[in-house]
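Both counts, for ligands and for their atoms, begin at 1 and track the order of listing.
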Amino acid sequence: MSLFPDELPALDCHAHIAPDVTDAQIGALKGAVVLAVTRTPAETAHALRRRDTTLVWGTGVHPAVPAALKAFDLRQFAATLKKTCLIGEIGLDRRGSLDRQRSVLAQILDAARNEPVILSLHSSGRTGPLMDLLTSHPHPGIILHWFLGSPDELKQAIDLGAYFSVNAAMPDYALAALPLHRLLPETDFPASRRATGAIRPGVVDLLEQRLAQLHDSTPQLIRRRFWQNLRELTTRTQVLDRLPEAIADCALEA
Ligand SMILES: [Zn+2]
């Protein structure tokens, strides 16, 4: 029997959930499917011990967390790719040493090369340097999270085949500039709770309504589009088979 009998569940492709979340707390997500990113190798180690039917746990090194950059160890990181198909949160951030962030990210992209993974990338304040790095280290599984690059950088990202996870805190012009077939939903919970209106991970109704208005569509069709986009992305990266079964079924049925 399908876990999601009636309609497609809400999808959230970038949220922060504590790895000690309880079954009751996951139950309160009302069936939402969440790509749960982590910030540090320690958090990753904890998260990857879990098995959840509606959550995919990531392996992350957040660029704005100095302790994460310091604790990064390439061999340890590469070993986590046997346990998860999601790399995130990684990227570049305006705070801290660009050289250090770039060195860690280049090592991660090298380790991810030819691996069946998708990657959730942060780029706040350093979208240009990130585009340069992705141009020299391309990957078919790139998801740019909350991307606010210039029009030229956006074109570069689209040409590189990137997907974009977007949230309800992003202004209309930023949402409208992105191609619908490359969009995925996110909350970035709890970072932007007030701006996104997401009181918990997986609350993407407002985003779906706004995109429906912008694209003269319906929230239901926007949600289906998100799942179709996830199917496309996870098929081309050979990640589909690595997802929890109920999540893969949703992508296939969308
Ligand atoms: Zn985040």
task = Mind telling me whether H14 and H145 have parallel, tilted or perpendicular rings, with 30° and 60° as the class edges?
result = parallel
message = Suppose you place the vertex at the Zn ion (ligand 1); what is the angle out to H14 NE2 and D188 OD1, to 10°?
response = 90°
request  = Have a look at L119 and tell me which of L86, I90, I143 forms a side-chain contact (heavy atoms from CB on, under 4.5 Å) with it.
outcome  = I90
ask   = Of all N/O/S atoms in E89, which lies nearest to the Zn ion (ligand 1)?
value = OE1
inquiry  = Any N/O/S atom, side chain or main chain, of H16 closer to the Zn ion (ligand 1) than 2.8 Å?
reply    = yes
Contacts of type side-chain hydrogen bond (donor to acceptor under 3.5 Å, both in side chains), residue T234, not counting sequence neighbours = none
query = Does CG in D20 sit with more than 12 non-hydrogen atoms of other residues, nucleotides or ligands closer than 6.0 Å?
reply = yes
